[in-house]
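Have a look at the structure below, then the notes.
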Protein chains: 2
Amino acid sequence: MAKILVVDDEPDAVELVEFNLKNAGFEVITAADGSEALKKARSTLPDLILLDLMIPEVDGLEVCKLLRRDAATAGIPILMLTAKAAEIDRVLGLELGADDYVTKPFSPRELMLRIKGLLRRRETTETKAERMQFGDLVLDVPAHSVTVNNKRVELTATEFKLLTILAHRRGRVQSRDQLLKDVWEYDNVIDTRTVDTHMRRLREKLGKAAKHLDTVRGVGYRFVAG
Amino acid sequence: MAKILVVDDEPDAVELVEFNLKNAGFEVITAADGSEALKKARSTLPDLILLDLMIPEVDGLEVCKLLRRDAATAGIPILMLTAKAAEIDRVLGLELGADDYVTKPFSPRELMLRIKGLLRRRETTETKAERMQFGDLVLDVPAHSVTVNNKRVELTATEFKLLTILAHRRGRVQSRDQLLKDVWEYDNVIDTRTVDTHMRRLREKLGKAAKHLDTVRGVGYRFVAG
DNA sequence: CAAGCCGGTGACGACTTTGTGACGAACAGG
DNA sequence: CCTGTTCGTCACAAAGTCGTCACCGGCTTG
């Protein structure tokens with residue numbers, strides 16, 4: 001699971017954020033000032049850095065700049081936390097290199113969305129199939145469309161994601177937990193039976209093409225190409 | 001950068017071409033025979049296909065024909081590679097829908113010129129289209145004018161930009177964030193709901209032609225040509 | 001064969017997302 | 001200045017989606 005470095009000098013703020021992140025299954029590392037942040041970033045190489053703008057020792061912007069200058073940490077996405085909306089321009093300036101920002105006060109939901117967005121952007125480097133075809137079932141990811149026998153099938157966002165992930169891992173059984181992790185992204189508060197309900201809805205909508213969706217009793221679900 | 005599918009069964013030839021293409025900044029996908037080529041073309045939707053005429057499984061001409069027949073791959077430029085081609089082969093290749101050809105042995109320089117030529121042609125005809133027509137909706141970019149049923153529709157600058165960007169990426173869903181980035185140009189301070197309001201105004205002004213504007217719930221908006 | 005697990009199913013209320021009308025600020029052109 | 005337009009935001013309503021639950025029937029296990 002992803003490692004996140006949280007840099008903030010206010011213990012209350014850190015605690016709140018840490019609670020939310022750990023709840024979502026992230027590993028959390030904390031730093032209270034700029035020099036500690038730099039040291040920990042270099043030693044632990046986190047997957048993402050949550051960086052408050054106003055911190056002691058070395059200020060957030062400076063930390064950002066220094067991290068970008070070091071080859072080892074240059075690629076780590078940085079999510080800036082700023083108290084003032086007015087600071088945004090500087091944060092997003094090209095020379096500083098923050099990837100996104102959130103203004104305080106923020107809702108945990110908003111924060112999670114931003115984090116997920118940044119982590120997702122990072123992992124899409126491999127040659128991912130953008131279009132998949134299995135007999136009369138066609139999956140077009142960029143168009144967000146599914147057709148069975150050339151007839152359009154309307155899927156909701158969640159259904160579509162579930163289907164594409166299964167199709168992408170076709171042949172291999174995916175446990176409900178795995179699917180929850182991949183489709184629902186770190187929201188580990190969700191019941192595993194929810195997966196079943198979505199599979200049912202998928203099967204219903206896919207009609208004949210539901211034959212691609214196998215149930216593996218006691219284990220999970222599997223997409224079969226043939 | 002553009003994605004190029006290289007189809008050839010001789011590893012040496014592939015390596016040479018791959019080296020040159022990667023050197024020029026292209027992303028390279030390879031296939032060693034016809035059926036692999038078809039599969040990869042359909043799944044990765046490359047920007048250009050470099051297709052050797054003499055390949056195992058399904059021969060180059062056949063691949064060409066099949067790719068043209070499939071709506072998803074019909075628009076991808078195909079550059080044919082032929083070893084000492086007889087005139088007939090060339091003609092056939094072009095008739096079957098190849099966009100250009102190069103005879104082996106070729107210089108890397110020559111190959112690059114052809115590839116760039118094809119990509120540019122596509123960019124100017126498709127990507128940077130100055131005039132787009134979808135049924136009774138006509139978009140004239142340089143004139144900054146939109147007509148529905150030959151009747152002029154007055155759009156504001158923002159509305160026009162939103163519409164052209166959507167039309168330009170027709171078929172693909174654009175998230176609100178993406179649209180904000182492209183239409184409002186990385187002005188992250190703007191609320192995503194603003195996109196909704198502009199879509200509403202667009203739909204209102206476009207009248208019947210608003211049918212081209214799809215809402216994809218939970219994801220974003222999509223322009224549909226049909 | 002009985003008990004218990006497991007997955008399919010239908011229903012439902014809470015919640016999210018989108019459409020819509022309205023409003024005030026910013027701005028351009030007289 | 002004044003006036004009309006455009007734009008971003010807001011609040012509300014409508015529509016759609018989601019996660020959960022209870023129930024049932026089939027399958028596994030002992």
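Lettering follows sequence order; numbering is per chain, from 1. When reading the values below, keep in mind they use all heavy atoms of this one structure, side chains included, and skip hydrogens, waters and symmetry mates.
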Whole-Å distance, B:His198 NE2 to D:dC10 P, equals 14 Å

Quick one: is D:dT9 close enough that its OP1 or OP2 comes under 4.0 Å of any side-chain N or O from B:Thr194?
yes

Looking at D:dA15, D:dG19, C:dG8, which one has an atom nearest to any side-chain atom of A:Ile190?
D:dG19

B:Lys208 atom NZ: more than 12 heavy-atom contacts under 6.0 Å
no

A:Arg201 CZ - C:dG8 P separation (whole Å):
14 Å

Starting from C1' on C:dT9, measure out to CG on A:Leu202 and report it in whole angstrom.
15 Å

So, is B:Arg203 near the phosphate of C:dT20, with a side-chain N or O under 4.0 Å from OP1 or OP2?
no

Taking atom C1' of C:dC6 as reference, at what distance in whole Å does atom CZ of A:Arg193 sit?
7 Å

For the residue pair B:Trp184 and B:His198, categorise the inter-ring angle as parallel (less than 30°), tilted (30 to 60°) or perpendicular (more than 60°).
perpendicular

Mind calculating the distance between CZ (A:Phe160) and C1' (D:dC18) to the nearest angstrom?
18 Å

At under 4.0 Å, does any side-chain N or O of B:Trp184 touch on OP1 or OP2 of D:dG8?
yes

In whole Å, what is the span from the CD atom of B:Glu204 to the C1' atom of C:dG21?
10 Å

Walking DNA chain C from its 5' end, the first of B:Thr197 and B:Val219 to be reached, judged by nearest nucleotide, is B:Val219

Length of the CD-C1' vector between B:Glu154 and D:dT5, whole Å
13 Å

Between B:Thr215 and C:dG19, does any side-chain N or O lie under 4.0 Å from OP1 or OP2?
yes

Here's a test of your reading of the structure: between A:Leu155 and A:Arg217, which maps to the more 5' nucleotide of DNA chain D?
A:Leu155

B:Gln133 CD: over 12 foreign heavy atoms closer than 6.0 Å
yes

Under a 4.0 Å threshold between the charged nitrogen and the carboxylate oxygen, would A:Glu130 count as salt-bridged to B:Lys3?
yes

What is the distance, rounded to the nearest whole Å, between atom CG of A:Asp191 and atom C1' of C:dC12?
16 Å

Using a cut-off of strictly less than 4.0 Å, decide whether A:Tyr221 has a side-chain nitrogen or oxygen near OP1 or OP2 of C:dG8.
yes

Ignoring backbone atoms, establish whether B:Thr156 has a side-chain N or O less than 4.0 Å from OP1 or OP2 of D:dC7.
yes

Examine the base of C:dG10 for any acceptor or donor lying under 3.5 Å from a partner atom in the side chain of A:Arg200, and report the outcome as yes or no.
yes

Electrostatic pair B:Glu159-B:Lys205, nearest N-O below 4.0 angstrom
yes

